Amino acid sequence: MDYCLSYFSAFNLLISSSRPFVSLSASNGMVRTLLVPESTPGAAMERELAVYYGHLPEIQGVRPHRESNSKVDLLIRDVNFASTRANVALHICNSKVLPSMLLPIDTDLKGFVTSPEFTYLQIASKLDFIGTILAGSALCSDYFLNQNGHGGVSQRQNGPLTNRAAIAKFLSMQGRKRGIVPAKRALQHIVEKARSPREASLALLLCLPYNLGGFNLGTVELNKPIELENRYGEKITRIPDLTIQLKDKRQKRAMVLLDYDPATTHSGGQKITRDLDRENELVTGVQCPHFSVSGEMLKSFESVQGLVRQIRESTGITARDTTMSDLEERQRVLWARLFKAR
């Protein structure tokens, strides 16, 4: 092993590649004999790593203030080599690392990346609480960032890199490592199976509790299959982007479905037509409110407020009481972080 990407460099690689690491089964015997590199790979390779990994895309809101010239985060073992470097930021790993926590980037086993679960723990020690939730949601998503994909994303063919259950299991074995407390606290708010960063951000804005700046609508599931009958009486399965379960203080319950406007989020005329048909089937086949949310709507905080009012009015579920005098300001700050154009 010549180098091991960690922290934000690992995170950005994981969320911007369809296959950020090769299967452990193909090289398991060799991987088990490797350790975290003792020192840096040298100035020449550090410059190469900076070119290759130093400008990977990031998800809006995870790090509100990113430095323009980000260094590549590398994991090393020996504190004596942890000097200031021009192109890399060195992080000392002074605890036991299991083979499953380091994954080979290529079959030649020269470059490694920390596993999704280990990466989540690492960046939880660096991010604020909202950033940790967003990062965890990205690692548990069905998409990866791709500048050539429609809307800047493509879908993972083999499903998410990890999930909340896998992260929870990993964290349960990490004792009191740095970042463990915020990582565990944020885990309960992570959303899984998002097909785009905005899909996850919308779910969080609508459903996070008031103290985190959300609208506290209820519990949310993304891309959950729903069985229904279409207009012809046929049994079909459809997958709305968001399924929200609302509940008031009297335990009254209601369900609402949300989808992005297909004209703004999906590509191709036939795809748009299929999505419009899907929306019509959802409206006619499920006895609950259904809303289509456009990208333009998310550009306005007042439009989001209006959407929340419509959801509550359509379900009859009133907002929970709160004594927060600055609630609207908190919500506006979260909205700006997630959706306001930079």
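For reference, positions follow the sequence shown, starting with 1. Predicted model, so just to flag it, every value in this text is computed and none were measured.
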**Q** Go through the steps for Cys207 and Ile244 under the test side-chain contact (heavy atoms from CB on, under 4.5 Å), then give the verdict.
**A** CA-CA 8 Å; Cys207 296; Ile244 301 177; 3.9 Å; yes
**Q** Please check if the side chain of Tyr120 supplies one atom and the backbone of Ala135 the other of a donor-acceptor pair under 3.5 Å.
**A** no
**Q** May I ask you to decide if Gly111's main-chain N or O and Asp2's side chain share a donor-acceptor pair within less than 3.5 Å?
**A** no
**Q** Check the surroundings of atom CD in Gln147: do more than 12 heavy atoms from other residues, nucleotides or ligands lie under 6.0 Å from it?
**A** no
**Q** Would you say Leu121 and Val181 are hydrophobically clustered, going by side-chain heavy atoms of ILVMFWY under 4.5 Å?
**A** yes
**Q** Run the numbers on Leu102 and Cys4 for side-chain contact (heavy atoms from CB on, under 4.5 Å), then give the verdict.
**A** CA-CA 8 Å; Leu102 306 177; Cys4 182; 3.6 Å; yes
**Q** Would you check, one step at a time, whether the test side-chain contact (heavy atoms from CB on, under 4.5 Å) holds for Leu208 with Leu334?
**A** CA-CA 10 Å; Leu208 280 176; Leu334 181 59; 4.1 Å; yes
**Q** Can you see whether Glu117 engages Thr162 through a side-chain donor-acceptor pair at a distance of less than 3.5 angstrom?
**A** yes
**Q** Under a 4.5 Å side-chain heavy-atom rule over Ile, Leu, Val, Met, Phe, Trp and Tyr, are Leu204 and Met324 clustered together?
**A**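 Cluster IDs for Leu204 and Met324 differ.
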**Q** Let me check something: do Val113 and Phe144 share a hydrophobic cluster, defined by ILVMFWY side-chain heavy atoms less than 4.5 Å apart, either directly or through other members?
**A** no
**Q** Would you say the side chains of Thr40 and Glu46 form a donor-acceptor pair under 3.5 Å?
**A** yes
**Q** How about Thr114 and Thr119: does a side-chain donor come under 3.5 Å of a side-chain acceptor?
**A**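 Thr114 vs Thr119: donor-acceptor pair found between side chains.
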**Q** Hey, mind stepping through Lys235 and Glu227 against salt bridge (Lys or Arg N to Asp or Glu O under 4.0 Å) and telling me if it holds?
**A** CA-CA 7 Å; Lys235 295 289 185 180; Glu227 301 293 330; over 6 Å; no
**Q** Relative to Tyr210, does Arg320 satisfy both conditions: NZ or CZ under 6.0 angstrom from the six-membered ring centre, and within 45 degrees of the ring's axis?
**A**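 Because its charged atom misses either the 6.0 Å distance or the 45° angle limit, Arg320 does not stack over Tyr210.
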**Q** Do other residues, nucleotides or ligands put more than 12 heavy atoms under 6.0 Å from Asn158 CG?
**A** no
**Q** Decide salt bridge (Lys or Arg N to Asp or Glu O under 4.0 Å) for Arg309 and Glu313; before the verdict, give the C-alpha distance in whole Å, the side-chain angles of both, and the deciding distance to 0.1 Å.
**A** CA-CA 6 Å; Arg309 283 194 297 270; Glu313 290 170 1; 5.5 Å; no
**Q** Taking the side chain from Ser314 and the backbone from Ile311, do they hold a donor-acceptor pair closer than 3.5 Å?
**A**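 Yes; at least one donor-acceptor contact below 3.5 Å.
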**Q** Run the salt-bridge test on Glu192 and Lys224 with the 4.0 Å N-O cut-off and return the result as yes or no.
**A** no
**Q** Could you report the tightest heavy-atom contact between Asn216 and Arg312, atom names first, then the distance?
**A** O-NH2, 3.4 Å
**Q** May I have the step-by-step check of salt bridge (Lys or Arg N to Asp or Glu O under 4.0 Å) for Lys193 and Glu199, ending in yes or no?
**A** CA-CA 10 Å; Lys193 299 183 179 181; Glu199 194 173 272; over 6 Å; no
**Q** Taking all non-hydrogen atoms of both residues, which atom of Ile15 and which atom of Arg156 are closest, and how far apart?
**A** CA-NH2, 3.8 Å
**Q** Out of curiosity, does Leu212 fall in the hydrophobic cluster containing Ile59 (side-chain heavy atoms, cut-off under 4.5 Å, transitive links)?
**A**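 Shared cluster, yes.
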**Q** Hey, are Asp73 and Gln122 close enough side-chain-wise for a donor-acceptor pair under 3.5 Å?
**A**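 Asp73 and Gln122 do not have a side-chain donor-acceptor pair below 3.5 Å.
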**Q** Ile317 and Lys252: side-chain contact (heavy atoms from CB on, under 4.5 Å), yes or no, with the steps?
**A** CA-CA 7 Å; Ile317 303 293; Lys252 178 182 177 181; 3.7 Å; yes
**Q** Within this structure, what is the CE-CG distance for the pair Met101 and Leu98, rounded to the nearest 0.5 Å?
**A**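 Reported to 0.5 Å precision, the distance equals 6.0 Å.
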**Q** Go through Arg63 and Asp128 one step at a time and tell me if the salt bridge (Lys or Arg N to Asp or Glu O under 4.0 Å) criterion holds.
**A** CA-CA 8 Å; Arg63 284 199 286 181; Asp128 66 3; over 6 Å; no
**Q** Taking the six-membered ring for Trp, are His91 and Tyr7 parallel (under 30°), tilted (30 to 60°) or perpendicular (over 60°)?
**A**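 Plane angle under 30°, so parallel.
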**Q** In terms of heavy-atom contacts, does CZ of Phe129 have more than 12 from other residues, nucleotides or ligands at under 6.0 Å?
**A**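 Above 12, so yes.
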**Q** Determine whether Leu327 and Phe301 fall in the same hydrophobic cluster, where Ile, Leu, Val, Met, Phe, Trp and Tyr are linked whenever their side-chain heavy atoms lie under 4.5 Å apart.
**A**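 In one cluster: no.
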